[in-house]
Amino acid sequence: MSEQQEQTLADTRAPSFDVDWWTMLSDPQFLANPYPELNRIRELSPIHYDPASEIYFVLGHREFNAMAKTPQMGRDTRFWAKGWSSPENRENDPETYELFIEFQPQMINANAPHHRRMRGVYEKAFNPRSMMAHRATIEEECRRLLDELPADRPVEFMNAFANPLPHRISLRLFNIPEAMDEPIARWIAALSWLGNIVMTPAQKRQAQQAQSEFKAYVRDHLADRGAHPEDSFIGLSLAAADAGVMDEEELVNNVVMLISGSRTSLTLLGNGLLSLLQYPAQFEQLRAQRELMPRAIEEMLRFEPGSSLIPRAGIEDFQCGDVVIPAGSLAIGLVGAINRDPARFQNPDAFDITRRPNHHSAFGGGPHICIGKALARMTGEVAFNALMDRFQRIELAGEPVWWTDRSDQRGLNEFPVRFGY
Ligand code: HEM
């Protein structure tokens with residue numbers, strides 16, 4: 001880089017304030033309630049540069065959406081010059097490199113044109129209209145769990161309902177037998193740590209083992225061709241592979257990822273119900289005006305989003321507002337800050353189920369915007385309607401406890417609730 005280029009880059013580098021990013025992002029107190037601190041930091045600047053990790057943190061709504069949409073940045077983390085799956089890391093830390101490289105070939109980690117090629121296989125099947133065909137399955141799984149929920153005594157809502165519902169739906173949609181419920185839940189949980197950026201050696205080992213077992217299972221499952229109707233998600237995947245649209249590794253990894261989508265849906269159910277219980281007037285209004293349900297779901301996603309960190313790696317230098325994010329850098333969108341940016345949302349710290357418009361970023365943005373969003377929304381609508389139809393009273397039965405061991409996802413560890421007729 002010439003001296004002049006270096007000077008220009010320095011002038012346009014995001015400001016760095018006195019924020020100890022990785023200490024903050026792993027601080028249990030921050031993780032239990034990140035919003036006051038995120039609001040404070042966003043007021044300093046919508047984009048920050050952390051000299052210690054050389055990562056850009058994006059907190060502004062406008063800036064995040066620009067970064068999510070530009071082709072100058074993408075989700076292929078091999079472009080992150082110092083990242084796990086960078087060529088540099090191949091020498092430094094081959095085990096971690098392998099872990100990420102094996103997980104690499106799939107739509108979420110691909111840039112154009114490979115991203116489009118793979119996403120195109122599934123786009124139609126996951127759109128809201130196609131999802132209607134699965135509504136009865138979602139309702140049935142919901143009913144089964146509600147039938148098992150005891151009334152008039154404290155229930156741990158995550159174990160009893162929020163965790164199993166999206167998981168069971170996912171198994172049904174991918175024609176997976178119920179006997180696989182437990183191992184798949186375990187593999188998904190272990191693999192989910194790949195999104196946390198910082199992983200302990202034990203988490204890496206468990207993720208590696210989960211990855212090889214999960215992929216081996218999916219390979220066998222795909223091989224049982226008779227078990228999959230042509231128009232099912234597995235049928236579509238097989239047809240795309242037969243037509244040469246995806247290779248074997250892409251096929252297996254995309255199916256693993258799509259099955260794992262249930263992991264984030266559980267946060268909508270837990271976080272969303274907690275918001276309703278913390279704002280009883282809103283809950284009452286929703287009971288009285290069920291037609292507000294779609295807007296209430298959007299507000300749950302905005303107010304307590306389940307995905308907290310959304311990464312992009314620089315393919316070329318990208319001018320984002322006043323700042324240039326250089327090629328080779330990692331930038332991370334902090335959804336908790338983006339969704340409460342007062343430049344985009346009026347009264348952003350209020351939970352308001354009538355909010356409209358509500359252009360939140362809980363599902364990310366640009367070409368990678370969550371492909372499972374219609375499924376997640378439908379799961380939320382069916383679940384909250386069914387809970388209200390079944391129970392006259394839904395109350396907190398103790399102190400809810402947030403996950404405080406990870407910064408990439410926000411969900412509840414313990415959520416005691418009492419249901420009554
Ligand atoms: C409330 C539930 C969910 C939330 C909050 C959520 C959130 C997200 C986010 C933040 C992204 C990244 C978007 C970006 O980089 O801009 C994403 C991508 C993705 N999600 Fe979801 N998700 C949810 C449910 C699901 C479900 C149910 C599935 C499975 C069908 C799924 C499958 C995917 C896939 C495959 C991608 C990658 C899409 C691409 O790269 O084109 N998600 N999701």
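In listed order, ligands and their atoms are each counted from 1. Worth saying up front: this structure is predicted, and the values here are computed from it rather than measured. Numbering starts at 1 and runs along the sequence shown.
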Tell me the nearest of [options] to [atom], using heavy-atom distances.
atom                    : options                        : answer
atom 12 (C) of ligand 1 : Met67, Arg263, Arg75, Lys69    : Arg75
atom 25 (C) of ligand 1 : Gly306, Cys370, Ser307, Pro166 : Cys370
atom 30 (C) of ligand 1 : Phe126, Phe363, Phe174         : Phe126

**Phe100, Trp80, Phe79 screened by side-chain contact (heavy atoms from CB on, under 4.5 Å) with Ser85, the one that passes** =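 Single side-chain contact (heavy atoms from CB on, under 4.5 Å) partner of Ser85 among Phe100, Trp80, Phe79: Phe100.
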Against heavy atoms of [X], which atoms of ligand 1 measure under 4.0 Å?
X      : value
His115 : 39 (C), 40 (O), 41 (O)
Gly365 : 16 (O)
Gly364 : 10 (C), 13 (C), 14 (C), 16 (O)
Ala362 : 5 (C), 7 (C), 10 (C)

How close do [X] and [Y] get, counting heavy atoms only, and between which atoms?
X      : Y      : result
Glu213 : Arg186 : OE1-NH1, 4.3 Å
Asn196 : Ser407 : OD1-N, 3.0 Å
Arg119 : Ile369 : NH1-O, 2.6 Å

**Request:** Look only at interatomic distance and state if His368 has a nitrogen or oxygen under 3.5 Å from any nitrogen or oxygen of ligand 1.
**Result:**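 Yes, at least one N or O pair falls under 3.5 Å.
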**Item:** N/O separation below 3.5 Å, Arg312 to ligand 1
**Value:**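 Arg312 vs ligand 1: N/O contact under 3.5 Å present.
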**Request:** Would you indicate whether Glu291, at its atom CD, is surrounded by more than 12 heavy atoms from other residues, nucleotides or ligands within a distance under 6.0 Å?
**Result:**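 Count over threshold, so yes.
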**Asked** Crowded around Arg290 CZ? As in, over 12 foreign heavy atoms under 6.0 Å?
**Response**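 Check passes, neighbour count above 12.
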Taking only non-hydrogen atoms of [X], do any sit less than 4.0 angstrom from ligand 1?
X      : result
Gln106 : no
Gly366 : no
Ser265 : yes

**Asked** Taking the six-membered ring for Trp, is the centroid-to-centroid distance between His48 and Tyr56 below 6.0 Å?
**Response**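 Judged by ring-centre distance (under 6.0 Å), His48 and Tyr56 do not meet the cut-off.
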**Prompt:** Is the Phe57 to Trp21 ring centre distance short of 6.0 Å?
**Reply:**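 Between Trp21 and Phe57, which both carry aromatic rings, the centre distance is below 6.0 Å.
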What residue and atom, counting heavy atoms only, is the protein's closest point to [atom], and at what distance?
atom                    : answer
atom 28 (C) of ligand 1 : Gly261 CA, 3.4 Å
atom 35 (C) of ligand 1 : Ile371 CG2, 3.5 Å
atom 36 (C) of ligand 1 : Ile108 CD1, 3.9 Å
atom 29 (C) of ligand 1 : Leu258 O, 3.3 Å

**Prompt:** Going from OG on Ser275 to CE on Met300, what distance comes out if it is rounded to the nearest 0.5 angstrom?
**Reply:**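 Taking OG in Ser275 and CE in Met300, the distance rounds to 7.5 Å.
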**Test item: Phe30 and Leu38 side chains (from C-beta on) under 4.5 Å apart, heavy atoms** =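 When only atoms from C-beta onward are counted, Leu38 and Phe30 do touch, with a gap below 4.5 Å.
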**Message:** For a quick check under 3.5 Å, do Lys82 and Asn89 share a side-chain donor-acceptor pair by atom type?
**Reply:**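 No - no donor-acceptor pair under 3.5 Å links their side chains.
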**Request:** Anything under 30° is parallel, anything over 60° is perpendicular, the rest tilted; go ahead and classify His115 against His368.
**Result:**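 Tilted.
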Using a heavy-atom cut-off of under 4.0 Å, does the side chain or the backbone of [X] touch ligand 1, or both, or neither?
X      : value
Lys373 : neither
Arg119 : side chain
Ile310 : side chain

